[in-house]
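Keep in mind that what you see is a predicted model, and the values were worked out from it rather than measured.
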Amino acid sequence: MQMEIRAAAIRGIDRLIDDLGGDGAALLSEFGVSPSDLDSEHGLLPAVTAGRILRSATKRLDCPDLGLRLAAYQDMSMLGPLALAVGNCDTVGEGLDCASRFLYVHNQGIRLSRTQDPEHYAGVGAVEYRMLHPDIPYEPQTIDAGLGLLHRNLITMSGGYELLGVHLPHPPLTDESVYTGFFGAPVRFDTGRALLRVPTRLFAQPMSTPVNPELRRMVVEYLEAHYTDPRESVVTTVRSAVNRALGTVPARIDLVAGWLHMHPRTLQRRLAREGTSFQAIVDDVRKNAAHRLLTGTDMPFSRIASLVELAGQAALTRAARRWFGRTPTQIRRDARCAAAASRVAQGQIPVAQGKAASSGRFHTRVP
């Protein structure tokens, strides 16, 4: 199955083609893409198609610096909701880390990371841009566009920064002066890597615009709830989905498979290859949730049973005996005794009260 990316990755290519004397809409239509796809926050296209569009436009317009030109047509808004999360981080480094964490939402085939300076200068670091998907042909224009946009976004995030040098994995596609003019820094070619060399102090620099931590939190929660990192195993992904579903909607395989854009039988086969099953994951998630609620709250057992999708208090008791070899009452009592003993050890409650709690004659409310 071919990998798809957000069509916004090549947003602006139609206008760029028009400005260069071509017909952007016509060229896009040859690949089954329309300009409205690029402007949509939900439009997708095969990653291979995006590379072919850039390659075709480069050849037809005889524009070897097309990738750099495309980067000049773009800004952070092409990242969609991820732009809100990145732009509301406290520092440039935190913004880069946020982008690195969620970049798969925009394009699963690329990675962004802070790394060491390849030239080993003190006080110098690097931000690396990598294409990792083995099924996508290497396209130098895509690298130029990606690294060029990263440079422009760093300018936006920092309000202007000192770029010490640029490394590119391929030979120059046009005169080297075009590259140095775009980046405003020395450029080395055929290095095997695409990165920007920057002073490490840049990572601690505050964002250039006011930030809204609450908006950042809301966007991150949205990204976590609605997107799945392809770097995670299927087991990890399913466990996360079941955790989100438990107590709100039935944790059924057809629902979870739908969220992951899989057929239920496909999901079962992939879980089997990783040595487990959907029901085993649900059972383990229920077990962990039940233990947390029994030991960390005073919630009635009937309510806990409902939250972990068990049919009443009797079902919770049977499950607790199977999971822990104890009843819910025993689990809660043992947790309270342990909490009381810990407080005695820390001098937070008198020893006499701690002994009373351990004997069951005094109950310490677990906050």
Side-chain angles (χ1 to χ4, degrees), residues 2-3 5-13 16-17 20 22 27 31 45-75 78-79 96 99-100 103-104 106-121 124-155 161 163-198:
Q2 61 185 352
M3 189 187 73
I5 63 174
R6 291 183 69 244
I10 57 171
R11 180 177 293 171
I13 187 65
L16 173 58
I17 292 171
L20 292 172
L27 190 147
F31 294 90
L45 79 163
V48 173
T49 299
R52 287 172 178 167
I53 290 172
L54 292 185
R55 194 179 315 122
S56 179
T58 298
K59 183 176 180 180
R60 294 188 193 183
L61 299 168
D62 191 24
C63 183
D65 61 337
L66 186 87
L68 296 178
R69 289 175 182 260
L70 178 59
Y73 273 67
Q74 298 178 329
D75 56 34
M78 64 174 289
L79 297 176
L96 287 169
S100 175
L103 197 57
Y104 66 85
H106 176 70
N107 186 333
Q108 297 181 10
I110 59 178
R111 297 289 183 270
L112 189 69
S113 59
R114 289 196 265 170
T115 187
Q116 296 180 343
D117 175 30
E119 299 182 25
H120 309 294
Y121 279 83
V124 178
V127 185
E128 185 170 11
Y129 177 94
R130 291 181 292 161
M131 298 290 294
L132 294 182
H133 202 283
D135 296 332
I136 301 177
Y138 180 79
E139 177 51 63
Q141 294 292 355
T142 300
I143 299 294
D144 283 2
L147 199 65
L149 179 61
L150 173 60
H151 169 58
R152 285 172 49 80
N153 286 343
L154 280 174
I155 293 174
Y161 76 106
L163 179 58
L164 302 176
V166 180
H167 283 207
L168 284 168
H170 52 256
L173 306 179
T174 185
D175 192 271
E176 294 185 17
S177 64
V178 175
Y179 284 92
T180 56
F182 178 91
F183 288 105
V187 181
R188 294 181 58 185
F189 300 92
D190 290 318
T191 63
R193 303 170 70 183
L195 56 82
L196 305 176
R197 300 179 60 244
V198 299

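The side-chain hydrogen bond (donor to acceptor under 3.5 Å, both in side chains) check on T180 picks up nothing, with sequence neighbours excluded. Evaluation of the side-chain hydrogen bond (donor to acceptor under 3.5 Å, both in side chains) rule for R69 yields D65 as partners, not counting sequence neighbours. The salt bridge (charged side-chain N to carboxylate O under 4.0 Å, His left out) check on R197 picks up D117, E119, with sequence neighbours excluded. Take F182 and apply the ring-ring contact (aromatic ring centres under 6.0 Å, His included) test, not counting sequence neighbours, and it matches no residue. Scored by the side-chain contact (heavy atoms from CB on, under 4.5 Å) test, D75 finds S77 as partners (sequence neighbours excluded). Applying the ring-ring contact (aromatic ring centres under 6.0 Å, His included) test to Y73 and every residue at least two apart in sequence or in another chain returns nothing. For R152, the salt bridge (charged side-chain N to carboxylate O under 4.0 Å, His left out) test picks out no residue, with sequence neighbours left out. Under the side-chain contact (heavy atoms from CB on, under 4.5 Å) criterion, P140 pairs with Y138, H170, L173, not counting sequence neighbours. Partners of E139 according to the side-chain contact (heavy atoms from CB on, under 4.5 Å) rule, which considers only residues two or more places apart in sequence or in another chain, are R55, Q141, T142. The ring-ring contact (aromatic ring centres under 6.0 Å, His included) check on F189 picks up Y179, with sequence neighbours excluded. Evaluation of the ring-ring contact (aromatic ring centres under 6.0 Å, His included) rule for H167 yields no partner, not counting sequence neighbours. Legend: residues meeting side-chain contact (heavy atoms from CB on, under 4.5 Å) with A50, ordered by chain and number and at least two apart, are I5, I10, L45.
Among all heavy-atom pairs drawn from L147 and F183, the shortest one is O-CE2, 4.0 Å. Nearest approach of L68 to D144, heavy atoms of both residues: CD2-O, 3.8 Å. The two residues T58 and P64 come nearest to each other via the heavy atoms CG2-CA, 4.2 Å. When all heavy atoms of L195 and E128 are compared, the pair lying nearest together is CB-CA, 3.8 Å. Nearest approach of A71 to G148, heavy atoms of both residues: CB-C, 3.6 Å. Of all heavy-atom pairs between L54 and L66, the closest is O-CD2, 3.5 Å.
Between the side chains of R60 and S56, at least one donor N or O sits under 3.5 Å from an acceptor N or O.
P118 is not listed as a side-chain neighbour of T191, based on a closest heavy-atom distance of 4.5 Å or more. Residues T115 and V127 have side chains not in contact (no heavy-atom distance under 4.5 Å, counting atoms from C-beta outward). A 4.5 Å side-chain heavy-atom check between I143 and M131 finds at least one atom pair inside the cut-off. For the pair I53 and T49, the minimum side-chain heavy-atom distance is below 4.5 Å.
A donor-acceptor pair under 3.5 Å is formed between the side chain of R111 and the backbone N or O of Q108. For the pair R130 (side chain) and S113 (backbone), a donor-acceptor distance under 3.5 Å is absent.
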Query raised in the report: Under the side-chain contact (heavy atoms from CB on, under 4.5 Å) criterion, do V166 and H151 qualify, and how do the steps go?
Result: CA-CA 10 Å; V166 180; H151 169 58; over 6 Å; no
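We find the CG-CD1 distance between L61 and I17 to be 6.0 Å, quoted to the nearest 0.5 Å. Taken to the nearest 0.5 Å, the CG atom of L150 stands 9.0 Å off from the OH atom of Y129. To the nearest 0.5 angstrom, M78 atom CE is 3.5 Å from H106 atom NE2.
Surrounding CG of D62 are at most 12 heavy atoms belonging to other residues, nucleotides or ligands under 6.0 Å away. In this structure, Y121 places its OH atom where only 12 or fewer heavy-atom neighbours from other residues, nucleotides or ligands lie under 6.0 Å away.
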